There are 2 protein chains.
Amino acid sequence: MESKDLRRAGLKVTLPRLKILEILERGAHRHMSAEDVYRELMEVGEEKIGLATVYRVLTQFEAAGLVSRHNFDGGQAVFELDDGKHHDHIVCTECGDVVEFVDATIEKRQKSISEELGFDLQDHSLVLYGRCNKPGCSGRSE
Amino acid sequence: MESKDLRRAGLKVTLPRLKILEILERGAHRHMSAEDVYRELMEVGEEKIGLATVYRVLTQFEAAGLVSRHNFDGGQAVFELDDGKHHDHIVCTECGDVVEFVDATIEKRQKSISEELGFDLQDHSLVLYGRCNKPGCSGRSE
DNA sequence: TTTGCTGCAAATGCTTTGCATGTAG
DNA sequence: CTACATGCAAAGCATTTGCAGCAAA
């Protein structure tokens with residue numbers, strides 16, 4: 001029951017929030033833009049919910065640590081449920097598919113490099129772009 | 001003489017283009033947003049040049065490979081002269097200072113990871129965020 | 001002259017906000 | 001009942017575009 005998550009985050013349990021959480025959990029893709037979420041809401045018959053609410057809710061979820069936001073190439077930010085485990089992304093430039101990965105070597109080097117350059121590392125963003133070799137790959141959306 | 005660069009890129013040699021190139025070469029910072037460039041143009045007395053032209057010119061320079069564009073956190077894209085040598089960035093979250101670096105280990109791992117995941121790597125974006133330890137650091141712009 | 005460039009203002013696309021109404025707690 | 005949420009429309013940014021006038025080549 002995801003109402004727990006909402007209450008724990010200090011957010012009132014409302015229909016828009018529940019529905020959006022649900023879509024992020026069982027939606028078509030793990031990485032979705034606000035528009036993607038909004039579109040699915042419409043498809044599911046939740047036509048009273050406005051796009052502004054989707055943005056507001058996603059932003060609140062981000063602040064609450066329920067969701068994380070990524071700025072891949074192409075203007076639109078994408079959101080994904082945050083399971084607490086850090087990871088980076090590789091995005092297919094053709095079909096938009098996103099695959100997550102973690103690499104201890106890279107993580108370690110980043111830390112060292114920051115120290116060498118006199119920085120106290122707080123965060124980082126690593127996105128690889130390439131063409132995936134999936135069967136039906138050649139331009140959808142994700 | 002930078003007119004060469006322009007001609008080689010198939011661009012007419014015009015005052016806006018020369019001035020913008022000049023600012024990128026001798027400007028206050030190596031990484032500048034379009035607004036930054038525009039602001040310096042105004043300061044230098046080049047007040048006839050419009051912001052739209054700055055954007056257009058920077059985009060053309062990017063297409064010509066003279067300049068590269070980066071999307072760091074904070075909405076505004078930043079541009080830097082492209083010397084052909086690839087590098088990544090570490091950005092100070094306090095003063096906005098940017099330091100460039102290259103790390104062979106990271107580059108190699110990225111390649112391997114892409115292959116392992118069945119991607120043909122085309123490009124990547126790595127940005128580290130942290131606090132730098134420079135003397136006067138605590139919130140400017142760069 | 002011809003093709004490409006520029007300034008300006010208007011248009012975009014994504015995201016955020018103001019405000020009056022609604023509703024969870 | 002009160003504080004917080006929502007929908008809608010309008011506002012905000014960064015960036016792009018249409019167009020008429022200008023200027024390199």
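Each chain gets a letter, A, B and so on, in the order the sequences are listed, and its residues count up from 1. Computed from a predicted model, the values in this text were never measured in an experiment. The figures that follow rest on heavy atoms only: side chains count, while hydrogens, waters and symmetry mates do not.
Below the 3.5 angstrom threshold, one finds a donor paired with an acceptor across the side chain of B:K12 and the base of C:dT3.
Applying the side-chain hydrogen bond (donor to acceptor under 3.5 Å, both in side chains) test to residues at least two apart or on different chains, the pairs with a partner in residues 3-13 of chain B are B:D5-B:R8. Applying the salt bridge (Lys or Arg N to Asp or Glu O under 4.0 Å) definition to pairs two or more places apart or across chains, those involving residues 110-136 of chain A are A:E94-A:R131, A:D97-A:K134.
With sequence neighbours excluded, the residues that form a side chain to side chain contact (heavy atoms under 4.5 Å, CB included) with A:Q76 are A:S33, A:E35.
Phosphate contact (OP1/OP2 of D:dT6, side-chain N/O of A:T14, threshold under 4.0 Å): present.
Between A:T53 and A:P16, the shortest heavy-atom distance links the atoms CG2-CB, 4.0 Å. Here the closest non-hydrogen pair linking A:M42 and A:I49 is CE-O, 3.5 Å.
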Could you list all N or O pairs between the protein and nucleotides 16-21 of chain C that sit under 3.5 Å apart?
unit_1 : atom_1 : unit_2 : atom_2 : d
C:dG18 : O6     : A:R56  : NH1    : 3.1

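One interatomic measurement links the two molecules: CZ of B:F61 to P of C:dC5, which rounds to 11 Å at whole-angstrom precision. A:F72 places its CZ atom 17 Å from the C1' atom of C:dC14, with the value rounded to the nearest Å. Following rounding to the nearest Å, B:I20 (CD1) and C:dC5 (P) show an atom-to-atom distance of 13 Å. Look at CD on A:E46: it is 12 Å from P on D:dT6, rounded to the nearest Å. Distance, B:R39 CZ to D:dA14 P: 10 Å, rounded to whole Å. We find that NZ of B:K48 is positioned 15 Å from C1' of D:dG21, with the value rounded to whole Å. Computed from coordinates, the B:D36 CG to D:dC13 C1' distance equals 15 Å when rounded to whole Å. Distance CG (B:N71) to P (D:dA14): 13 Å, rounded to an integer number of Å.
Comparing C:dG7, C:dT15, D:dT6 by their nearest atom to the side chain of A:Q76 picks out C:dT15.
Taking the six-membered ring for Trp and thresholds of 30 and 60 degrees, A:F72 and A:H70 have nearly parallel ring planes, at less than 30 degrees apart.
Through chains of ILVMFWY side-chain contacts below 4.5 Å, A:L126 is grouped with A:I90, A:V99, A:F101, A:I106, A:I113, A:L117, A:F119, A:L121, A:L128, B:I90, B:V99, B:F101, B:I106, B:I113, B:L117, B:F119, B:L121, B:L126, B:L128.
Terminal axes of the helix from C:dT1-D:dA25 to C:dG25-D:dC1 (five pairs each, C1' rotation axis) are separated by 30°, to the nearest 10°.
Summary of the strand contacts: A:L15 and B:A34 both lie near DNA chain D, and taking for each the nucleotide with the nearest heavy atom, the more 5' one is attributed to A:L15.
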